[in-house]
Student: 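Here it is: the structure, laid out below.
Small disclaimer: the values here were computed from a predicted structure and weren't measured. Chain A is the first sequence line, chain B the second, and so forth, proteins listed ahead of strands; every chain is numbered from 1.
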There are 2 protein chains.
Amino acid sequence: MAEVELLKEPELNEALEALRRGLAKRLVILIIGCCNVHYKGRASSKLEPGDRIVLIKEDGSLQVHRPYGYEPVNWQPPGCVFHTELHEEGLRLVAVRHTPKEHVRITFSKIHLLTLLNLVDSGAFALHATEEDMQRAILLEPSLIEPGLKPITYEKRVEPGFVDIYARDREGRLVVIEIKRKTAGRDAVLQLHKYVQSLKKEAKTPVRGILVAPKLAKGAQKLLVSLNLEYKRVSPKKCAEILERAKRKALTQYMAPAGEERF
Amino acid sequence: MAEVELLKEPELNEALEALRRGLAKRLVILIIGCCNVHYKGRASSKLEPGDRIVLIKEDGSLQVHRPYGYEPVNWQPPGCVFHTELHEEGLRLVAVRHTPKEHVRITFSKIHLLTLLNLVDSGAFALHATEEDMQRAILLEPSLIEPGLKPITYEKRVEPGFVDIYARDREGRLVVIEIKRKTAGRDAVLQLHKYVQSLKKEAKTPVRGILVAPKLAKGAQKLLVSLNLEYKRVSPKKCAEILERAKRKALTQYMAPAGEERF
DNA sequence: TGCTAAATCTCGAAC
DNA sequence: GTTCGAGGTTTAGCA
């Protein structure tokens with residue numbers, strides 16, 4: 001059960017004490033207050049005073065949110081070390097990180113609300129229909145691409161990187177498949193081309209290259225044709241459906257005797 | 001001055017009323033509670049129950065944070081429409097977005113804390129040392145690249161895209177400069193090569209290509225040499241310093257009579 | 001509106 | 001640790 005400790009409009013020294021306690025206990029900390037922020041590291045930045053929401057998580061990550069915008073205006077990835085002090089300008093919180101060396105320094109002139117949170121969260125998270133899901137779906141049902149296609153391996157190492165799927169078509173020719181979950185552009189075509197070239201050298205036989213994506217960018221079409229590559233439209237949604245079907249089928253096999261219906 | 005309204009451990013119907021009021025007034029809303037989350041749109045996802053922090057901003061953006069991880073586990077970009085209801089499973093908040101059509105549905109079984117925030121934030125934000133800053137710095141001080149370099153234009157249109165800086169060296173040869181803020185890889189080399197080839201055709205004279213970046217990727221070096229291109233190491237930090245100096249100088253020109261010292 | 005390139009990208013996996 | 005590719009990337013700048 002979650003525990004919540006609240007300090008409304010605390011004095012800065014009260015807030016400092018609570019903040020230090022929260023950091024020591026690795027709690028999630030939320031601070032709402034008026035602050036300025038300085039950042040120095042990969043780049044550098046300066047944020048003039050205003051009301052913001054500061055969020056520190058158990059993993060030592062930090063984010064500073066303005067009242068608008070999806071992304072934090074300043075942040076620090078997980079693994080920071082935090083320093084706190086009462087400076088003449090206000091309550092200072094510094095998040096320091098190494099590799100790369102950088103820091104965010106927040107100076108609060110006023111704290112409206114400080115909360116220490118002990119959150120319990122072990123819920124599983126599942127995301128469907130990523131590029132990997134598309135790959136798994138094609139491996140499950142290669143006929144999605146064309147009849148008679150037989151996968152040999154997947155994630156085959158080829159000089160410039162990894163081939164998504166490596167297969168043989170119904171006429172015995174080698175096939176390299178490059179998958180994109182979104183519109184495939186020139187870059188995807190060139191990537192596939194590189195793989196095909198590399199495999200042609202290796203195999204010394206004809207190698208087909210098929211670009212699999214929900215859509216082909218306008219400029220990519222011409223390049224694709226000129227490089228003698230092919231395109232097969234496949235939507236992530238269709239792939240998710242195939243995986244869902246396969247999952248249900250697998251479950252049914254284990255859970256229900258043949259002939260019995262399940263809902 | 002910021003206003004903060006707090007509901008600690010509210011009943012779900014109390015929370016619903018406050019939530020609707022906050023949404024209607026376009027306030028920043030923070031909800032800490034136990035919830036599950038469903039998402040459907042560009043992809044789809046499901047998050048099993050646990051304690052999370054939900055943040056709704058003035059611009060209609062939404063994010064769901066777990067107690068760890070820099071990124072929100074689920075989110076919705078600015079411009080959402082929110083729907084709320086008391087469902088048998090708990091308090092439901094749905095954030096709907098069009099283009100692309102997608103929604104996030106959060107169902108709270110328990111709310112530990114709900115806050116409505118009227119935040120005042122008009123502080124300026126300045127970020128230094130982006131790729132554009134590097135370009136401006138080089139235009140201000142072309143000697144960063146080599147002595148005697150004279151820029152002609154910047155962002156010159158050339159068939160494959162835009163040349164960062166187009167210049168002439170001390171011997172009158174044309175120079176194409178491609179800038180990268182981070183390690184430049186093979187792609188940057190090829191990009192520069194394309195520009196040089198394109199300009200050689202256009203100008204029918206020798207064209208030098210210089211890749212400017214803080215670092216050169218291992219594989220890129222060989223390609224660079226084989227394509228007869230050059231590399232000049234320039235750090236974003238140095239560029240930021242040059243811009244800072246130039247800015248101070250510009251201010252000094254306006255603010256102080258010649259010969260007077262300022263600190 | 002749609003495309004392109006950059007980001008303090010983040011995140012994860014492989015070497 | 002570094003590198004490389006994917007992301008519900010987001011964001012900003014333009015055609």
Side-chain angles (χ1 to χ4, degrees), chain A residues 37-45 47 59 61-64 69-79 95 97-104 125-135 155 157 160-162 164 178-183 185-188 191 215 217-220 236-237 240, chain B residues 37-45 61-64 68-79 95 97-104 125 127-135 155 157 160-162 164 178-183 185-188 191 215 217-220 236-237 240:
Chain A
V37 186
H38 287 249
Y39 160 70
K40 205 159 181 342
R42 287 167 287 177
S44 60
S45 72
L47 176 64
D59 58 4
S61 64
L62 167 100
Q63 35 199 305
V64 181
Y70 163 73
E71 293 190 332
V73 60
N74 281 110
W75 73 91
Q76 207 69 286
R97 180 197 185 201
H98 310 88
T99 65
K101 183 87 184 149
E102 54 184 355
H103 70 265
V104 166
F125 177 69
L127 178 68
H128 311 289
T130 58
E131 187 168 312
E132 193 190 331
D133 287 61
M134 288 182 73
Q135 184 178 328
E155 296 287 334
R157 183 98 182 90
F162 285 89
D164 286 336
E178 175 63 30
I179 303 170
K180 291 291 166 198
R181 211 189 57 78
K182 298 190 304 182
T183 303
R186 270 178 282 263
D187 47 350
Q191 198 180 339
K215 213 180 144 191
K218 237 182 300 178
K237 198 172 173 179
Chain B
V37 186
H38 286 251
Y39 159 72
K40 204 160 182 342
R42 286 169 287 178
S44 60
S45 72
S61 64
L62 167 104
Q63 35 199 303
V64 181
Y68 49 87
Y70 162 75
E71 294 189 332
V73 60
N74 279 111
W75 72 93
Q76 208 67 290
R97 180 198 187 200
H98 309 89
T99 64
K101 184 85 183 150
E102 54 185 353
H103 70 265
V104 167
F125 177 69
L127 177 68
H128 312 289
T130 58
E131 187 167 314
E132 193 190 331
D133 286 78
M134 288 182 72
Q135 183 178 329
E155 296 288 333
R157 183 96 183 93
F162 285 88
D164 285 336
E178 175 63 29
I179 303 169
K180 292 290 166 199
R181 211 188 59 77
K182 297 191 303 182
T183 304
R186 271 179 280 263
D187 48 348
Q191 197 179 341
K215 213 180 145 191
K218 237 182 301 177
K237 198 172 175 179

Student: Hey, is the side chain of B:K180 poking within less than 4.0 Å of OP1 or OP2 on C:dA5, counting only N and O atoms?
Tutor: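 Negative; the distance criterion is not met.
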Student: Taking C-beta and beyond as the side chain, do A:H128 and B:K40 meet within less than 4.5 Å on heavy atoms?
Tutor: no
Student: Taking only N/O atoms, report every protein-nucleotides 11-15 of chain C pair under 3.5 Å with atom names and distance.
Tutor:
{"from": "C:dC11", "atom 1": "OP1", "to": "B:Y70", "atom 2": "N", "distance (Å)": "3.2"}
{"from": "C:dC11", "atom 1": "OP1", "to": "B:E71", "atom 2": "N", "distance (Å)": "3.3"}

Student: Run the side-chain contact (heavy atoms from CB on, under 4.5 Å) check on A:V73 and A:V37 step by step: do they pass?
Tutor: CA-CA 9 Å; A:V73 60; A:V37 186; 5.8 Å; no
Student: How close or far is atom C1' of C:dA5 from atom CD of B:E178, stated in whole angstroms?
Tutor: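 It works out to 11 Å between those atoms.
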Student: How many Å lie between CD on B:Q76 and C1' on D:dT11, as a whole number?
Tutor: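 These atoms are roughly 16 Å apart.
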Student: Write down the distance between CG (B:L127) and P (C:dA7), rounded to a whole number of angstrom.
Tutor: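 Atom CG in B:L127 sits about 9 Å away from atom P in C:dA7.
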Student: Answer yes or no: is there a donor N or O on one side and an acceptor on the other, between the side chain of A:Q63 and the main chain of B:Y70, under 3.5 Å?
Tutor: yes
Student: Quantified in whole Å, what is the P atom distance between nucleotide C:dC11 and nucleotide D:dT11?
Tutor: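 Taking atom P in both C:dC11 and D:dT11, they lie 16 Å apart.
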Student: So what does B:E132 touch, heavy atoms closer than 4.0 Å: a base, only the sugar-phosphate, or nothing?
Tutor: nothing
Student: Do the side-chain N or O atoms of B:R181 get closer than 4.0 angstrom to the phosphate oxygens (OP1, OP2) of C:dA6?
Tutor: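 The answer is no; no side-chain N or O of B:R181 sits under 4.0 Å from OP1 or OP2.
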Student: Using the P atom as the point on both nucleotides, what is the distance between D:dC4 and D:dG8, in whole Å?
Tutor: 22 Å
Student: Would you say the side-chain atoms of A:D59 pair up with the backbone N or O of A:P78, donor to acceptor, closer than 3.5 Å?
Tutor: no
Student: Starting from P on C:dT8, measure out to CG on A:L47 and report it in whole angstrom.
Tutor: 14 Å
Student: For A:W75 and C:dT10, is the shortest distance between a side-chain N/O and OP1 or OP2 below 4.0 Å?
Tutor: yes
Student: What integer distance in Å separates B:Y68:OH from C:dT10:P?
Tutor: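 These atoms are roughly 19 Å apart.
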Student: If I pick the C1' atom on D:dC14 and the same atom on C:dT8, what distance separates them, to the nearest angstrom?
Tutor: 25 Å
Student: Expressed in angstrom and rounded to an integer, what is the separation of B:E102 atom CD from D:dT10 atom C1'?
Tutor: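 Between C1' of D:dT10 and CD of B:E102: 12 Å.
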Student: Can you find a side chain N or O atom of B:R42 that sits less than 4.0 Å from OP1 or OP2 on D:dA6?
Tutor: no
Student: Taking the side chain from B:N74 and the backbone from B:V64, do they hold a donor-acceptor pair closer than 3.5 Å?
Tutor: no
Student: Rounded to whole Å, please give me the gap between CE in A:M134 and P in D:dA6.
Tutor: 12 Å
Student: Check this for me: does any side-chain nitrogen of one of A:R42 and A:E102 sit under 4.0 Å from a carboxylate oxygen of the other?
Tutor: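 Yes, this pair counts.
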Student: Take B:T99 and A:Y39, find for each the nucleotide of DNA chain C with the closest heavy atom, and name the residue whose nucleotide sits nearer the 5' end.
Tutor: B:T99
Student: Going by heavy atoms in the side chains, are A:S61 and B:Y68 under 4.5 Å from each other?
Tutor: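 Sidechains of B:Y68 and A:S61: no contact.
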Student: Taking CD1 from B:I179 and P from C:dA7, how many angstroms apart are they, rounded to a whole number?
Tutor: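 Interatomic distance, CD1 of B:I179 to P of C:dA7: 11 Å.
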